[in-house]
Protein chains: 2
Amino acid sequence: MIKTPILLNSAEAEIIRVLKKKHVISRTDILDFSGWSKAKVSQEVRSILDKGYLVEVEDGVSQGGRKPRMMRFNANLGYVVGIDLGATSVEVALADAVGTIVQRVAEPADVHQPAEEVFGRCTELILGLLDLQGCQIDQVLGIGVGVPGPVDFSRGVLVAPPLMPDWENFPIRSFFKKTFPTAFVVVDNDVNLMALGESRYGEALGVDHFLFVKIGTGIGGGIFSNGKIHRGNNGCAGDIGHICVDKNGPICRCGNRGCLEAMAAGPAIIQAGLQAVQNGESELLQQMIESNEGVLTPEMISSACREGDEAALRIIRASGQMIGDVLASLVNFFNPSHIFIGGGISNFGNHLLVAIRRAVLRRSLPLATTHLQINFSRIGSDVGIYGVLALVLDYLFVDEEKPFLSV
Amino acid sequence: MIKTPILLNSAEAEIIRVLKKKHVISRTDILDFSGWSKAKVSQEVRSILDKGYLVEVEDGVSQGGRKPRMMRFNANLGYVVGIDLGATSVEVALADAVGTIVQRVAEPADVHQPAEEVFGRCTELILGLLDLQGCQIDQVLGIGVGVPGPVDFSRGVLVAPPLMPDWENFPIRSFFKKTFPTAFVVVDNDVNLMALGESRYGEALGVDHFLFVKIGTGIGGGIFSNGKIHRGNNGCAGDIGHICVDKNGPICRCGNRGCLEAMAAGPAIIQAGLQAVQNGESELLQQMIESNEGVLTPEMISSACREGDEAALRIIRASGQMIGDVLASLVNFFNPSHIFIGGGISNFGNHLLVAIRRAVLRRSLPLATTHLQINFSRIGSDVGIYGVLALVLDYLFVDEEKPFLSV
DNA sequence: GTGCTTAGTTCACAAAATGAACAAAGTTAT
DNA sequence: ATAACTTTGTTCATTTTGTGAACTAAGCAC
């Protein structure tokens with residue numbers, strides 16, 4: 001069971017809840033939101049200011065009378081750490097208690113290494129950031145870890161992760177607790193966290209039902225249902241990369257044939273590009289490869305698309321169509337109002353998006369697509385780190401009666 | 001906006017919540033559940049008894065001391081009506097305020113008729129049941145309506161229903177309000193209600209994430225996520241019947257090609273059976289058809305399966321495999337812990353179930369199927385009517401602060 | 001019966017929330 | 001400038017709400 005780090009009584013929790021909607025609030029804001037009497041608001045605000053959770057900032061603008069005395073969350077209460085671990089890179093951010101990033105660092109990582117090593121390196125990176133910020137270890141209130149695999153959220157461990165099978169059951173929470181004993185540690189799947197980031201800081205703000213689709217080396221999905229992350233029974237909900245699109249397709253790393261991931265994700269696109277060059281279908285790509293030591297990258301295919309290279313366009317459109325066909329099924333099933341596309345491959349630009357949209361519209365029920373919007377995530381590559389910070393902050397200040405805030 | 005019929009203060013709502021877990025409770029039960037003091041429990045119980053929401057029943061068994069004075073919900077507060085409207089039949093049940101059915105009636109119905117006529121007939125049926133029970137119109141507290149199509153739940157109207165396009169935007173709520181002005185009316189999709197029934201009275205009790213799949217003339221799904229019905233953005237979530245299984249398949253009534261429903265539901269099975277007879281592949285089926293005026297029914301194929309008829313088995317297995325293939329994708333995506341199969345076709349018995357299970361296990365990620373259970377709904381054909389009654393009762397006695405109980 | 005256990009009530013008291021009066025700090029019209 | 005009004009926030013006596021502890025009620029076990 002996760003131990004909650006900072007317990008709030010229900011009145012304090014109510015104020016924190018207001019703070020999650022408006023970042024700077026007056027006593028009158030709390031009055032309106034909570035339905036409390038002026039007297040109670042006054043008293044509770046004094047109490048929470050005394051405890052140091054809130055601090056006063058400069059007065060707001062007058063609405064025709066006395067200026068409101070604005071307050072915000074006390075950013076100096078401590079720091080939170082967000083770790084966004086991808087298949088090939090890791091990003092670590094140090095943020096204040098409001099979630100504003102004050103220090104960050106990214107570097108390549110290899111999840112095929114043992115978990116001890118990778119998380120050990122994360123620990124070093126955190127310590128480095130703390131040092132830069134001049135911050136003590138016991139000032140770290142919480143650490144959030146996003147990992148590229150299925151997570152048993154309540155236990156905080158990976159379960160049967162295809163990318164790094166050896167990490168199964170590695171005790172991530174206690175590993176970080178060793179170095180940061182005062183910190184509270186949460187672990188979640190990286191795509192869930194991207195969805196959370198989008199729902200807090202992106203266009204999914206206030207959206208109840210949406211999907212976040214990450215297209216990169218693999219393809220993953222994050223699901224929001226009724227305003228909350230849907231993690232499923234084993235924490236592996238959203239794993240759309242291994243949905244079958246062609247029973248006779250190539251063998252996927254999961255062992256099955258014709259998985260979406262094996263046919264439409266980064267490696268498959270590269271493979272198709274190389275094949276096209278071999279077949280002499282694209283002189284442009286051939287030149288690009290030759291001037292890059294024989295290596296083809298997604299960025300190169302992307303730029304070939306922009307140049308109007310037919311072979312590159314065909315590959316991207318085919319990929320988009322396969323992804324769109326799968327999404328069409330999921331749209332019928334789940335009826336989201338938005339689908340956000342993110343991840344490394346998403347910068348292929350409009351060709352990919354148009355192909356996805358077209359496939360979804362063609363194969364979904366009209367009703368399900370009536371108000372459906374399919375777009376790239378505008379936040380970009382930071383969505384994951386924002387999401388993981390949001391998750392930590394959600395769980396950091398928690399009502400004593402409801403230890404697990406809805407996410 | 002739905003107007004709530006009976007407002008409870010938060011203390012009363014708390015007690016009602018206890019009642020939804022245990023149907024007969026003592027003051028001590030409330031004490032344990034609510035965390036209130038003995039004094040408050042005593043006082044609140046007296047108040048709620050005075051209001052008539054609870055009534056005392058005979059004492060419970062002693063736990064080694066004084067026998068607890070048990071209470072239950074006052075069944076005589078009034079009546080609720082559940083209407084389960086299928087494509088070809090309608091069932092109306094009259095239940096007391098606890099949800100115990102006291103009168104019920106079923107008859108054929110035709111949703112191709114105008115909505116006025118069908119719901120008018122429902123009204124007559126309700127009035128008949130009220131008469132039988134000796135109950136006045138103003139004793140009807142609530143009416144729940146389950147309809148076979150996508151429902152905008154908050155407005156209580158059908159949206160683009162494929163089966164009965166003319167019913168779109170028919171004001172079901174106000175139609176019943178005309179005859180039953182005191183009643184509170186909720187409308188929902190029939191499969192959502194079957195899922196709700198399963199989650200309240202079936203094996204899905206306490207299950208957070210599950211799917212209910214109805215196989216009949218069409219194929220539909222009801223989704224539970226985080227313990228609540230997931231209705232989606234347009235109320236059409238769960239529409240798995242029109243997921244594409246074969247791009248070159250037959251044209252579905254929705255206009256697309258190769259929908260699951262067009263290939264694996266009742267009519268497709270009948271069609272395949274007729275084809276098999278034409279091809280001379282099944283003497284048994286041929287005899288059956290001849291002795292039934294040339295008509296082939298699902299029940300006949302079912303019994304042919306039991307007799308071991310190869311052609312019938314092949315048809316059922318193929319249908320199960322297609323359904324299973326689609327479910328495999330949804331299992332990867334949604335990661336439910338249970339899938340319940342119900343509806344008219346589900347009595348095809350184990351051959352269908354085995355084929356579905358095999359296809360799901362073969363195509364889903366091992367992690368997603370680790371604790372997955374796929375079974376027929378044991379409640380059987382009553383699950384819909386139980387679900388609709390549960391929905392009405394959920395919305396009938398509502399906390400003043402939270403008008404919309406989670407479902 | 002006697003002592004123990006569970007169930008439920010009563011009531012004096014304590015804690016929590018409120019309304020109304022009041023204070024503070026503005027804006028606007030004259 | 002200043003009087004009148006607005007919005008914001010505090011204080012405090014009063015009311016409302018909830019509690020602990022003592023008490024009644026009713027059973028069980030020996």
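Computed from heavy atoms alone, side chains included, the values below leave out hydrogens, waters and symmetry copies. Lettering follows sequence order; numbering is per chain, from 1. Here the structure is a predicted model, which is why all the values come from computation and not from measurement.
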Could you tell me whether Asp59(A) and Arg66(A) make a salt bridge, using a distance below 4.0 angstrom between a side-chain N and a carboxylate O?
no
Using the closest heavy atom to pick a nucleotide of DNA chain C for each, name whichever of Lys38(A) or Gln63(A) lands nearer the 5' end.
Lys38(A)
Residue pair Glu198(A) / Ser377(A), side-chain donor-acceptor N/O under 3.5 Å
yes
For the side chain of Gln139(A) and the backbone of Gln136(A), is there at least one donor-acceptor N/O pair under 3.5 Å apart?
yes
Give the ring-plane orientation class for Phe210(A) versus Phe340(A), where under 30° counts as parallel, over 60° as perpendicular and anything between as tilted.
perpendicular
Inspect the contact between Arg27(B) and Asp32(B) and indicate whether a charged nitrogen and a carboxylate oxygen are less than 4.0 angstrom apart.
no
Measure CD1/Ile30(A) against P/dG9(D) and give the value in whole Å, please.
9 Å
Taking for each residue the nucleotide of DNA chain D with the nearest heavy atom, is it Lys40(B) or Val45(A) whose nucleotide lies nearer the 5' end?
Val45(A)
Relative to the ring of His209(A), is the ring of His230(B) parallel (under 30°), tilted (30 to 60°) or perpendicular (over 60°)?
perpendicular
Might you work through the salt bridge (charged side-chain N to carboxylate O under 4.0 Å, His left out) test for Arg231(A) and Asp152(A), ending with a clear yes or no?
CA-CA 9 Å; Arg231(A) 295 191 171 87; Asp152(A) 179 334; over 6 Å; no
Atom pair distance, as rounded to whole Å: CD in Glu44(A) and C1' in dT10(D):
15 Å
Chain A contact limits on DNA chain C, taken 5' to 3' with a cut-off of 4.0 angstrom to heavy atoms:
dA17(C) to dT27(C)
Would you indicate whether Phe176(B), at its atom CZ, is surrounded by more than 12 heavy atoms from other residues, nucleotides or ligands within a distance under 6.0 Å?
yes
Dump the pairs, protein N or O against N or O of nucleotides 24-28 of chain D, anything under 3.5 Å, distances to one decimal.
unit_1: dA25(D); atom_1: N3; unit_2: Arg66(B); atom_2: NH1; d: 3.4
unit_1: dA26(D); atom_1: N3; unit_2: Arg66(B); atom_2: N; d: 3.4
unit_1: dG27(D); atom_1: N2; unit_2: Gly64(B); atom_2: O; d: 3.3

